[in-house]
Enquirer: 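Once you've had a glance at the structure underneath, I'll fire off some questions.
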Amino acid sequence: MKNPNIKKDIIDNFGNRLRTRVNGILIQENKILMVKHQMGDNHYFWNVPGGGMQYGHDAKSNLKREFLEETGLEIEVGAYQFLHEFLSPPLHAIELFFEVSQTNGKLEVGIDPELETDKQVIEEVKFLSMEEIKNIPSDKKHALFGRINSLNDVRIWKGYFNFGNKCIK
């Protein structure tokens with residue numbers, strides 16, 4: 001069931017505060033695992049699996065939890081890659097990106113436990129090739145994926161990025 005108040009629910013749950021997020025880049029068979037989120041008013045947003053950190057848990061354990069919740073996959077967290085700052089009030093997030101590898105599980109559409117059952121935003125999870133990612137309009141994917149040209153780009157990026165991405169319109 002589609003949530004007609006999804007934009008308000010996203011802002012109520014995640015807005016007007018600084019969030020620290022962890023994100024995992026899983027590459028298999030030259031494809032990146034991506035999650036499609038419904039963002040309201042027929043607007044969707046593709047990103048790698050990840051989410052908010054829980055107080056008292058380190059980044060790696062938070063990322064393992066998020067991956068399992070969203071995709072049904074168990075992972076091993078590898079190298080830290082880079083930081084992206086998303087700032088589009090009322091949303092503000094510091095996003096830490098890590099390489100990950102799958103250790104177990106079966107790929108499935110998961111949930112976001114911070115949202116009620118009838119207000120879930122995850123629509124799809126699947127591995128996408130670079131060509132498929134490039135074909136997603138830039139306003140419908142994380143800003144990172146509008147700027148990479150190859151899987152190698154993802155592996156070699158290091159540092160701090162702020163692309164001014166606007167995911168809710």
Side-chain angles (χ1 to χ4, degrees), residues 3 6-27 32-40 43-103 105 109-117 119-125 133 136 138-148 153-169:
N3 177 1
I6 198 163
K7 193 171 179 178
K8 179 185 179 315
D9 291 339
I10 289 169
I11 291 168
D12 287 350
N13 281 285
F14 308 116
N16 299 304
R17 62 188 170 105
L18 176 63
R19 294 187 74 220
T20 303
R21 299 184 77 253
V22 286
N23 299 274
I25 300 172
L26 176 59
I27 299 173
I32 300 174
L33 182 61
M34 301 287 285
V35 177
K36 182 181 181 183
H37 300 85
Q38 180 59 37
M39 303 303 286
H43 183 66
Y44 59 88
F45 184 73
W46 285 94
N47 193 11
V48 292
M53 289 187 58
Q54 293 177 349
Y55 178 80
H57 300 271
D58 66 25
K60 289 183 177 185
S61 62
N62 273 288
L63 186 52
K64 288 178 180 183
R65 174 188 46 78
E66 285 289 342
F67 237 86
L68 187 59
E69 290 169 354
E70 291 186 4
T71 70
L73 300 180
E74 294 178 24
I75 58 163
E76 184 63 38
V77 180
Y80 167 73
Q81 291 300 106
F82 52 87
L83 178 145
H84 175 258
E85 182 176 14
F86 178 84
L87 179 55
S88 179
L91 301 178
H92 188 186
I94 300 297
E95 301 176 308
L96 308 172
F97 284 80
F98 294 86
E99 287 182 14
V100 301
S101 57
Q102 180 181 347
T103 59
V109 175
I111 62 161
D112 185 333
E114 294 178 276
L115 299 173
E116 296 175 31
T117 304
K119 296 180 179 181
Q120 290 296 307
V121 296
I122 298 173
E123 284 193 347
E124 190 174 0
V125 293
I133 292 170
I136 298 170
S138 61
D139 67 328
K140 299 195 182 304
K141 61 187 168 191
H142 192 285
L144 161 72
F145 296 102
R147 288 163 173 82
I148 60 172
D153 286 352
V154 175
R155 293 179 175 114
I156 63 172
W157 278 22
K158 303 289 183 215
Y160 166 86
F161 300 95
N162 179 337
F163 299 122
N165 180 285
K166 309 271 189 277
C167 73
I168 295 182
K169 297 192 181 213

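Side chains are part of it too, since the values below use all heavy atoms of this structure and drop only hydrogens, waters and symmetry mates.
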Enquirer: Less than 4.5 Å apart, side chain to side chain, heavy atoms only: is that true for E74 and L68?
Expert: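 Sidechains of L68 and E74: in contact.
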Enquirer: Taking C-beta and beyond as the side chain, do E85 and H92 meet within less than 4.5 Å on heavy atoms?
Expert: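 Answer yes - side chains close enough.
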Enquirer: Just by distance, do the side chain of Q38 and the backbone of H43 share a donor-acceptor pair under 3.5 Å?
Expert: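 Between the backbone of H43 and the side chain of Q38 there is a qualifying donor-acceptor contact (under 3.5 Å).
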Enquirer: Can you tell which of Q81, R147, H84 makes a side chain to side chain contact (heavy atoms under 4.5 Å, CB included) with W157?
Expert: R147
Enquirer: Any side-chain heavy atom of I75 within less than 4.5 Å of one from K64?
Expert: yes
Enquirer: Do you know which two heavy atoms are closest between G78 and K60, and how far apart they sit?
Expert: O-CE, 4.3 Å
Enquirer: Indicate yes or no for a side-chain donor-acceptor contact from E70 to the backbone of D112 under 3.5 Å, with no hydrogens or angles considered.
Expert: no
Enquirer: Which one of V77, N23, L33 satisfies the side chain to side chain contact (heavy atoms under 4.5 Å, CB included) criterion with F67?
Expert: L33
Enquirer: Measure the CG-CD distance between L63 and E76 for me, rounded to the nearest 0.5 Å.
Expert: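 One finds 10.5 Å between CG of L63 and CD of E76.
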Enquirer: Give me the atom names and distance for the closest heavy-atom approach of E116 to Q120.
Expert: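 Looking at all heavy atoms of both residues, the shortest contact is O-NE2, 3.2 Å.
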Enquirer: Do the side chain of K141 and the main chain of I133 share a donor and acceptor less than 3.5 angstrom apart?
Expert: yes
Enquirer: Can you tell me how far apart CZ (F45) and CG (D139) are? Round to the nearest 0.5 Å.
Expert: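 It is 9.5 Å, given to the nearest 0.5 Å.
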Enquirer: Taking C-beta and beyond as the side chain, do F145 and V48 meet within less than 4.5 Å on heavy atoms?
Expert: yes
Enquirer: Return the CE to CD1 distance between M34 and I25, rounded to the nearest 0.5 Å.
Expert: 9.5 Å
Enquirer: Should V35 and E66 count as side-chain neighbours, where that means a heavy-atom distance under 4.5 Å?
Expert: no
Enquirer: Find out whether E95 and H142 are in side-chain contact, i.e. whether some heavy atom of one side chain is under 4.5 Å from a heavy atom of the other.
Expert: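 Yes, their side chains come closer than 4.5 Å.
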Enquirer: Quick check against the 3.5 Å criterion: does N62 have a side-chain atom that pairs as donor or acceptor with the backbone of Q54?
Expert: yes
Enquirer: Angle between ring planes, F97 versus F82, binned at 30° and 60°: parallel, tilted or perpendicular?
Expert: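 Rings of F97 and F82: parallel, under 30°.
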Enquirer: With a 4.5 Å heavy-atom cut-off, do H37 and I122 have their side chains touching?
Expert: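 SC-SC contact between H37 and I122 confirmed.
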Enquirer: With rounding to the nearest 0.5 Å, note down the distance linking CG in L96 to CG in L83.
Expert: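 If we round to the nearest 0.5 Å, L96:CG and L83:CG are 5.5 Å apart.
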Enquirer: Quick one: closest heavy-atom pair of Q102 and L73, and the distance?
Expert: NE2-CD2, 3.4 Å
Enquirer: As an exercise, state the distance from CD1 of I136 to NZ of K36, rounded to the nearest 0.5 Å.
Expert: 8.5 Å
